[in-house]
Number of protein chains: 2
Amino acid sequence: MSVPESGVISLKRLQTACESCSLFQLCLPLELAHADLEELDHIIKQRRPLQRGEYLFQMGNEFRAVYAIRSGSIKTFTTTDGGEEQVTGFHLPSELVGLDAITTGNHPCSARALETTSVCEIPFDRLEELGSRIPGLQRQLLRIMSHEILTEQDTMIWLGKKSAEARLAALLLRLSSRFKARKFSASDFNLSMSRTDIANYLGLAVETVSRLFSRFQSEGLLEVDRKHVLIKDMGALERMAGADHHN
Amino acid sequence: MSVPESGVISLKRLQTACESCSLFQLCLPLELAHADLEELDHIIKQRRPLQRGEYLFQMGNEFRAVYAIRSGSIKTFTTTDGGEEQVTGFHLPSELVGLDAITTGNHPCSARALETTSVCEIPFDRLEELGSRIPGLQRQLLRIMSHEILTEQDTMIWLGKKSAEARLAALLLRLSSRFKARKFSASDFNLSMSRTDIANYLGLAVETVSRLFSRFQSEGLLEVDRKHVLIKDMGALERMAGADHHN
DNA sequence: CGGCCGATTGAAGATGTTCAATTACCGTGG
DNA sequence: CCACGGTAATTGAACATCTTCAATCGGCCG
């Protein structure tokens, strides 16, 4: 197009302004001065929304930026030498993706949009540089990473130990609480990922996941119609998720 | 005792001096100036060694410091409301423990010595303060945390997906490579944790773990005598660890 | 409308768990 | 120093859970 870029850019900046972003509290819950916030805004790039199936980055890519999800959702996964996928996580709006690449400088996993998804790109070198000047930012970064470690550990616990039903229950509850934190319904939502992805993530066979959904439904715990889930008995799910094989 | 403290302190300082620590490269692999390194040394406290079974910290304790393990080993674990343990990790010399507590300000898990263990205590407020003054340190901190996330993810993958034999094989290989990085034998080492801890960590029954050890031995993969392990066929273990249920 | 991929369901088989009994080890106290 | 008791580890057999293989159903997109 022949239109000067400046107009487009300022429009983009408007869209990405952290201050006006409804997710900001969750994304980088800082107590920053207005001026600092503007500086942060300036380094953040808005990318063209990703279509379903598009890659945000691929395993091995050089690490340049972390990404905050604005809308939509993505899955992260590694691929073994045999070419098989191993899903490592699902990511919702306000969550940061790519933090696991800092150490090595390369992305250890791929990230792919599960639906139309828009993200903020935050170049890491500039973020670090900014962090050394803004007292609260560096601290906040550490806090976010610590939180990430905590979440992973939590995930490890239920993935490692529990029965199939406990795993699926736990996944549904986690999604539910994350939706809730984002002011969406905690009991009525859509799964953007396929059964295959869920099974892969949980370390189960697709058939097992499918059977579990059916059983949960027949037991009155929830209603499922394809991607749509309505939780009818949160308490029962919690009991399941908490329980080990037997007790 | 009535001896002036200064003498004791300078002795301690000598013991903990990062510069002379054989683990330093692994612990905080910085390119720091001598003067900066001394500053770092000054904030690090040496604690009386922990006896087997002693706690480094307990779940819920206020977060004050991160700990670098100098010798020995510890396990971290959470306890459910029912009082059952869930082991979340085993930690060897040069590894940092407690990073998962930064966000909340309280330790999300307990840490307990598996054998006589000595640690360096690094008060976090002073570390953060120091980080804002020393350019490389803050960056290194982020890098370590990122690495931690990466490790956890990795753990998640094999804990979530694989068969029992693959899990145990993977655990042995991880321990092996960590020993190797610390200049110990990669194929001949002692397990400081009990079978019960291993089983708990891997999400298996103790009996299964025990049977696996027996089987691995009968298949000539390794020799086990109680805590002592001698790996005889590293390649076979790697194939097992990489493999899913069937392939 | 047809084809195709994702999801579901059934039945047989494999893997891991549970229960129970036995053995080996370690620290304690006689 | 040895005997004792308690805990950890091992092993066997029955059972439960999850997987695999196979067939069918159902949307969705061209």
Side-chain angles (χ1 to χ4, degrees), chain A residues 51-53 75 84-85 87 112 114-116 158-172 190-219 222-229 240 243-247, chain B residues 51-53 75 84-85 87 112 114-116 158-171 190-219 222-229 240-241 243-247:
Chain A
Q51 295 304 311
R52 174 162 196 259
K75 71 168 171 180
E84 305 145 52
E85 256 179 51
V87 176
R112 218 174 163 194
L114 289 167
E115 59 194 311
T116 305
W158 52 268
L159 278 192
K161 200 182 178 89
K162 321 275 190 185
S163 66
E165 68 168 33
R167 293 189 201 193
L168 183 59
L171 175 61
L172 290 172
N190 277 74
L191 301 169
S192 55
M193 66 294 285
S194 70
R195 297 284 192 274
T196 307
D197 282 339
I198 293 176
N200 184 311
Y201 178 62
L202 296 179
L204 299 171
V206 198
E207 294 93 327
T208 306
V209 171
S210 193
R211 269 184 262 271
L212 284 170
F213 271 120
S214 303
R215 213 186 80 208
F216 284 0
Q217 170 147 272
S218 77
E219 291 173 349
L222 42 78
E223 275 172 31
V224 199
D225 180 39
R226 213 151 169 78
K227 302 273 186 196
H228 182 255
V229 172
M240 270 188 169
D244 203 335
H245 274 209
H246 23 72
N247 43 342
Chain B
Q51 293 307 310
R52 173 162 195 259
K75 72 168 173 181
E84 305 144 51
E85 256 179 52
V87 176
R112 218 173 164 193
L114 290 167
E115 57 194 313
T116 305
W158 53 268
L159 278 192
K161 201 184 178 83
K162 322 271 190 188
S163 67
E165 68 169 31
R167 293 187 201 194
L168 183 58
L171 175 61
N190 277 74
L191 301 169
S192 55
M193 67 295 285
S194 68
R195 299 282 191 272
T196 307
D197 282 340
I198 294 177
N200 184 312
Y201 179 61
L202 297 179
L204 300 170
V206 198
E207 294 93 329
T208 306
V209 170
S210 192
R211 270 184 262 272
L212 283 170
F213 272 119
S214 303
R215 213 186 80 210
F216 284 1
Q217 170 148 268
S218 77
E219 290 173 351
L222 41 79
E223 274 172 30
V224 198
D225 179 40
R226 208 148 173 81
K227 302 274 185 196
H228 181 256
V229 172
M240 267 186 171
D244 204 335
H245 275 209
H246 25 72
N247 43 338

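Residue numbers begin at 1 in each chain, while the letters A, B, ... track the order of the sequences.
To the nearest angstrom, C1' of dC25(C) lies 15 Å from CG of Asn190(B). Lys227(B) has its NZ atom 14 Å from the C1' atom of dT10(D), to the nearest Å. In this entry the distance linking CG of Leu191(B) with P of dA9(D) reads 10 Å, nearest Å. Counting to the nearest Å, the P atom of dT17(D) and the CZ atom of Arg167(A) are 15 Å from each other. For the pair Asp197(B) CG and dT7(D) C1', the interatomic distance rounds to 14 Å; values are reported in whole Å. As a whole-Å value, the separation of Gln217(A) CD from dT9(C) P is 9 Å. As rounded to whole Å, 15 Å separates atom C1' of dT17(C) from atom CD of Glu165(A). Computed from coordinates, the Met193(B) CE to dA9(D) P distance equals 12 Å when rounded to whole Å.
Direction change of the helix axis from one end of the helix from dC1(C)-dG30(D) to dG30(C)-dC1(D) to the other is 40°, with five pairs defining each end axis (rounded to 10°).
The main-chain N or O of Glu85(A) is found under 3.5 Å from a side-chain atom of Asn200(A) such that the two form a donor-acceptor pair. At distances below 3.5 Å, not a single donor-acceptor pair connects side-chain atoms of Ser210(B) with backbone N or O atoms of Glu207(B). Arg112(A) places a side-chain N or O within 3.5 Å of a backbone atom of Gly53(A) that can act as its donor or acceptor partner.
Counting only heavy atoms from C-beta on, Arg195(A) has its side chain closest to dA7(C) among dA7(C), dC18(D), dG16(C). For Ala164(A), counting side-chain heavy atoms from C-beta on, the closest listed nucleotide (dC18(D), dA7(C), dT19(D)) is dC18(D). Which of dT10(D), dT18(C), dT19(D) sits closest to the side chain of Ala205(A) comes down to dT19(D). Distance from the side chain of Thr208(B) is smallest to dG16(C) among dG16(C), dA8(D), dG6(C).
In this structure, Leu212(B) and Arg226(A) both approach DNA chain C, and ranking their closest nucleotides by distance from the 5' end singles out Arg226(A).
When the shell of 6.0 Å around CZ of Arg52(B) is examined, it contains 12 or fewer heavy atoms from other residues, nucleotides or ligands.
The minimum heavy-atom distance linking Ser192(B) with Glu115(B) is given by the pair CB-OE2, 3.4 Å. Looking at every heavy atom in both residues, Gly203(B) comes nearest to Arg167(B) through O-NH1, 3.9 Å.
Side-chain N/O atoms of Glu207(A) and base N/O atoms of dC21(D) include a donor-acceptor pair closer than 3.5 Å. With hydrogens and angles ignored, a donor-acceptor pair under 3.5 angstrom links the side chain of Arg211(B) to the base of dT18(C).
Residue Ser210(B) places no side-chain N or O under 4.0 Å from the OP1 or OP2 atom of dA8(D). Residue Ser214(A) places at least one side-chain N or O closer than 4.0 Å to OP1 or OP2 of dT9(C).
Residues Phe213(B) and Arg195(B) have side chains in contact (heavy-atom distance under 4.5 Å, counting atoms from C-beta outward).
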